[in-house]
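Structure first, then comments.
Protein chains get the first letters and strands the later ones, always in sequence-line order, with residue 1 at the start of each. This is a predicted model, so every value here is computed, not measured.
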Amino acid sequence: MATRRTKRKAVTKELTPDDIEATVRRSSRNALGPKRLQYSPEDSTAETPSKKSRAKRHVAKSSQNKKPKDEADVENSDVEHTFDGHGGLSLYELERLENIRQNQAFLSSINLVQATEELKQLSRPKPSQRGLMRQAAVKEVLPARKSLRLQNKEAEVLTLPPEPRDTLIHERSSQVKKPHGPLTMGPVNMEEGNELPSQFVKLCCEDSAKERKMALDLKEYRAALKNMTITEEKVAKVVKDRIFSAAFHPCSSSLLMAAGDKWGKVGLWKLGAEWGDDGVLLFEPHTRPVGCIAFSSARPSQLLSLSYDGSLRCMDVEKAVFDDVYDIEDGLKTFDFLSHDCSTLVVGNWYGDVSIVDRRTAGNSHESLHSLDPKTLRCVSVHPLQKQYFAVAESKVVSIYDSRCLKKTKSQAVSQLRGHSLSISSAYFSPCTGNRVLTSCMDNHIRIYDTSAMTTNPPLLTTIRHDMHTGRWLSKLSAVWDPKREDCFVVGSMMKPRRVQVFHESGQPQHSFTDNENLSTVLSIAAFHPTNNALLGGNASGRLHVFSS
DNA sequence: ATTGTATGGACCC
DNA sequence: TGGGTCCCCTACAA
């Protein structure tokens with residue numbers, strides 16, 4: 001079976017449409033016309049590409065099953081023909097060529113080219129081995145067994161052990177929740193007792209250059225994006241499981257990234273570093289998905305991470321601990337910094353409550369404000385200038401609240417962004433002025449609203465179709481602004497070949513990041529660097545990908 | 001209210 | 001080396 005497949009590939013490769021067309025012209029039997037021979041490389045739109053491609057693959061398969069004999073003939077006689085060298089063609093040969101041509105036409109008509117492209121993707125080279133090592137399967141060494149009968153002993157009366165209550169949690173994580181902090185910052189992928197590498201600590205404390213560069217005009221921006229590439233060194237396994245959140249450290253001298261995964265792990269990776277596993281240090285501050293992480297722009301040595309397990313912690317590299325920031329029973333979903341100094345936060349849980357957390361005061365001194373529909377809060381985003389405003393992605397509407405006017409329940413929204421027909425997965429204020437809000441919605445649309453006037457119902461500026469159906473196994477896609485400018489954003493994509501797309505707020509596509517060798521998975525979590533020309537993308541197996549210039 | 005299903009990736013045998 | 005299997009706590013449609 002395998003050999004047959006490779007043979008078939010060889011056939012389609014060797015017979016280019018030009019070859020066939022040429023021979024057919026020579027044989028002057030142009031029954032179907034050369035136009036039919038043209039390949040139609042389809043630029044599949046966002047609309048259900050997966051369904052389409054699956055159907056296509058199926059068609060390709062069944063046709064392959066139907067025609068193995070013909071194709072074998074084609075291949076054999078083709079070799080023969082190569083060594084023939086005569087221009088005059090016998091009737092048999094003409095017939096054969098016509099067969100080849102018809103087969104080729106049929107195959108092109110079912111988009112074999114695209115199908116083989118997809119097959120290439122399916123039989124892609126193995127994923128990057130950089131970063132965290134695959135764990136060798138722990139094989140339990142059992143004592144040699146000998147039956148009681150052979151030992152001439154009486155049979156035991158066996159009772160089954162009780163079934164564990166929640167197998168999922170018990171199997172996959174040692175505890176339901178980590179104890180209260182501060183927890184020492186011991187990398188789990190290093191020998192126990194080892195100190196953090198000093199170069200790593202130094203880098204984490206490095207601040208970004210604060211002077212704001214002039215934003216490039218769009219043409220220059222596109223050129224800069226085009227210049228950003230990925231290589232083998234720029235892919236690494238940073239956490240063990242699927243990435244739920246990721247962020248760049250603000251320093252610009254090197255690329256340092258953090259990623260949080262499904263089982264509470266946080267991986268830190270410096271591109272090209274010597275420490276840990278290819279520059280990766282792995283920590284375990286939580287036990288459930290790390291829904292949101294962000295470095296403090298005021299104190300770059302601090303990384304805040306939030307988990308569904310109900311804990312919000314602050315990794316302080318200088319102190320080498322994880323401090324508690326906020327804690328509830330479970331169900332923390334997302335947060336954003338409220339003040340410029342990053343000392344206060346807006347924290348949202350999946351029951352629909354929003355809390356204002358002040359890190360300078362001890363304990364959970366928070367206000368609970370909302371009784372929304374349960375389990376509908378997906379995202380919070382603070383206005384970059386008017387810090388009292390924050391946007392909350394509720395089920396089918398984004399509400400903007402004023403943190404100074406919050407009540408325990410039924411707080412009045414300042415503005416509401418309407419028009420979403422399914423649940424909204426994210427909503428973000430534009431990074432420089434806050435004059436725009438960018439939303440991603442399960443109704444397969446990315447929307448941009450004009451919030452400059454902050455009226456009751458800010459106008460919808462742009463709607464972009466984008467396939468958001470990632471299914472159960474992938475993190476949801478979110479459109480995220482480039483923090484370097486006011487008007488462009490990045491979003492992962494389900495399209496094949498795999499890609500990450502950048503759009504202007506007008507809906508104009510600016511660039512698609514692709515790479516045959518180093519990008520072959522969906523990068524659900526994408527983010528631009530705050531100052532550098534660099535982009536990160538996280539996939540479902542804990543691998544980070546970097547495009548940079 | 002309950003049930004079914006879509007969906008990607010890689011690990012492991 | 002390739003295909004079977006697992007992952008799973010989600011959103012939506014029926």
Side-chain angles (χ1 to χ4, degrees), chain A residues 1-6 46-55 57 61 118-139 165-173 176 235-244 261-264 287-289 291 307-310 329-333 349-351 373-379 393-396 420-426 440-445 467-478 492-499 519-525 537-545:
Chain A
M1 189 62 204
T3 49
R4 192 189 285 170
R5 193 176 300 161
T6 45
E47 188 144 16
T48 57
S50 47
K51 262 186 192 163
K52 260 191 205 168
S53 58
R54 226 180 328 122
R57 226 176 294 152
K61 244 188 203 167
E118 287 180 16
L119 275 175
K120 261 186 225 163
Q121 286 250 337
L122 285 177
S123 60
R124 64 178 79 106
K126 68 175 171 184
S128 164
Q129 297 304 106
R130 202 172 293 277
L132 297 178
M133 298 293 164
R134 189 187 310 180
Q135 274 178 323
V138 188
K139 276 204 174 165
R165 278 196 158 234
D166 193 338
T167 46
L168 187 74
I169 286 179
H170 285 273
E171 278 169 23
R172 297 306 297 260
S173 103
V176 174
V235 184
K237 191 160 168 100
V238 173
V239 283
K240 294 184 176 174
D241 230 298
R242 139 183 174 201
I243 293 177
F244 271 69
D261 83 351
K262 199 177 65 182
W263 293 106
T287 56
R288 306 280 302 139
S307 169
Y308 293 5
D309 71 16
E329 178 107 6
D330 74 332
L332 283 186
K333 183 74 186 169
N349 65 31
W350 63 35
Y351 306 106
D373 306 324
K375 292 202 182 193
T376 54
L377 186 150
R378 297 287 134 74
C379 186
E394 294 166 6
S395 64
K396 288 177 186 175
H420 302 87
S421 60
L422 287 175
S423 70
I424 302 160
S425 26
S426 67
S440 308
C441 182
M442 292 302 287
D443 66 9
N444 282 344
H445 290 283
D467 181 15
M468 294 290 180
H469 288 117
T470 47
R472 296 163 71 186
W473 317 125
L474 303 187
S475 295
K476 281 200 277 285
L477 301 175
S478 293
S493 165
M494 299 294 284
M495 279 171 79
K496 289 183 180 184
R498 300 307 187 195
R499 67 195 64 189
L519 173 50
S520 57
T521 58
V522 175
L523 301 184
S524 301
I525 309 295
N539 75 4
S541 68
R543 289 182 170 86
L544 277 183
H545 301 62

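Comparing A/T470 and A/N539 against DNA chain B, the residue whose closest nucleotide sits nearer the 5' end is A/T470. Between A/W473 and A/S423, the residue anchored nearer the 5' end of DNA chain C, judged by the nucleotide with its closest heavy atom, is A/W473.
At a cut-off of 3.5 angstrom, counting only N and O atoms as typed in the model, there is a donor on one side and an acceptor on the other between the side-chain of A/R472 and the base of C/dT10.
The nucleotide whose nearest atom lies closest to any side-chain atom of A/L422 is, among C/dA13, B/dG8, B/dA10, C/dA13. When distances run from any side-chain atom of A/V522 to the nucleotides C/dC12, B/dG9, C/dA11, the shortest one goes to B/dG9.
Annotation: side-chain hydrogen bond (donor to acceptor under 3.5 Å, both in side chains) contacts of A/K333 (sequence neighbours excluded): A/Y308. Checked against side chain to side chain contact (heavy atoms under 4.5 Å, CB included), A/K396 has no partners two or more places apart in sequence or in another chain. Taking A/S423 as the reference, A/R378, A/M442 meet the side chain to side chain contact (heavy atoms under 4.5 Å, CB included) condition, with sequence neighbours excluded. Partners of A/H420 under the ring pair (Phe, Tyr, Trp, His ring centres under 6.0 Å) rule, at least two apart in sequence or in another chain, are A/Y449. With sequence neighbours left out, the salt bridge (Lys or Arg N to Asp or Glu O under 4.0 Å) criterion links A/D443 to A/R447.
Side-chain atoms of A/S440 and A/S426 form a donor-acceptor pair, as typed in the model, at a separation below 3.5 Å. For the residue pair A/R130 and A/S128, no side-chain donor N or O sits within less than 3.5 Å of a side-chain acceptor on the partner.
Look at A/R543 and you won't find any side-chain N or O under 4.0 angstrom from OP1 or OP2 of B/dG9. A/R242 has no side-chain polar atom (N or O) that falls below the 4.0 Å cut-off from OP1 or OP2 of B/dG8. Within the 4.0 Å cut-off from OP1 or OP2 of C/dT10, not a single side-chain nitrogen or oxygen of A/K476 is found. For A/R378, no side-chain nitrogen or oxygen approaches OP1 or OP2 of C/dT10 to under 4.0 Å. Between A/K237 and the phosphate of B/dC11, there is a side-chain N or O to OP1/OP2 separation shorter than 4.0 Å. Contact check, A/S541 against B/dA10: a side-chain N or O comes under 4.0 Å of OP1 or OP2.
Remark: C1' of B/dG8 and CG of A/L519 are 14 Å apart, rounded to the nearest angstrom. The NZ atom of A/K333 sits 7 Å away from the P atom of C/dT10 (whole-angstrom rounding). The nearest whole Å value for the distance from the CD1 atom in A/I424 to the C1' atom in C/dC12 is 15 Å. Protein atom CE of A/M442 is 11 Å distant from nucleotide atom P of B/dT7, rounded to whole Å. Atom pair A/K240:NZ and B/dA10:P shows a separation of 17 Å (rounding to whole Å applied). Counting to the nearest Å, the P atom of C/dG3 and the NZ atom of A/K126 are 18 Å from each other. We find that CZ of A/R499 is positioned 16 Å from C1' of B/dG8, with the value rounded to whole Å. Taking atom CG on A/L332 and atom P on C/dC9, their separation rounds to 17 Å, with Å as the unit.
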Show the distances under 3.5 angstrom between N or O atoms of the protein and N or O atoms of nucleotides 1-4 of chain B.
none

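C/dC9 and B/dC11: their C1' atoms are spaced 23 Å apart (whole Å).
Atom CZ of A/R499 sits about 12.5 Å away from atom CE of A/M494, to the nearest 0.5 Å.
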